[in-house]
Amino acid sequence: MGLRFGSIISLLSQDFLKLVIVAFLFATPVAWFTMNNWLQDFAYRFNLSLWIFVGAGFLVALITVHGQFQSVRAAIANPVKSLRYE
C-alpha cells in the first residue's frame with residue numbers, strides 16, 4: 001500500500017536470495033572436494049573450475065524462482081480486491 005513495484009519485489013525476495021547465497025557458500029567447497037576425489041579414478045578427467053559451480057548455482061536459483069513469480073503477482077495485484085474478500 002504505497003510501495004513501488006521494485007520495492008515490493010526486493011522486500012519479498014531478500015530472504016530467498018540470502019538463503020541461496022548461504023547454501024551456495026556451504027555447498028560449493030563440499031561439492032568441489034567430492035567431485036575432485038571422484039574424478040581422480042577416471043582416465044579422462046578434467047579440472048573443475050569455479051564457473052561450473054557458479055553456473056550450477058545460478059541454474060538452481062532459476063529453477064526455484066517460481067516463488068519470485070508469485071511475488072511479482074502479489075506486487076501487481078490490487079490490494080483493494082484482496083481486502084474485499086477478507
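The basis for the numbers below is simple: all heavy atoms, side chains too, and nothing from hydrogens, waters or symmetry mates. If you're wondering where the values come from, they're calculated on a predicted model, not measured in any experiment.
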Side-chain donor/acceptor pairs under 3.5 Å, residues 21-36, sequence neighbours excluded:
unit_1	atom_1	unit_2	atom_2	d
Thr28	OG1	Phe24	O	2.6
Thr34	OG1	Val30	O	2.8
Asn36	OD1	Arg45	NH2	2.8

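With sequence neighbours left out, the side-chain contact (heavy atoms from CB on, under 4.5 Å) criterion links Tyr44 to no other residue. Under the ring pair (Phe, Tyr, Trp, His ring centres under 6.0 Å) criterion, Trp51 pairs with no residue, sequence neighbours left out.
Under a hydrophobic-cluster definition in which Ile, Leu, Val, Met, Phe, Trp and Tyr are linked whenever side-chain heavy atoms come within less than 4.5 Å, directly or via other members, Phe58 and Leu19 are assigned to different clusters.
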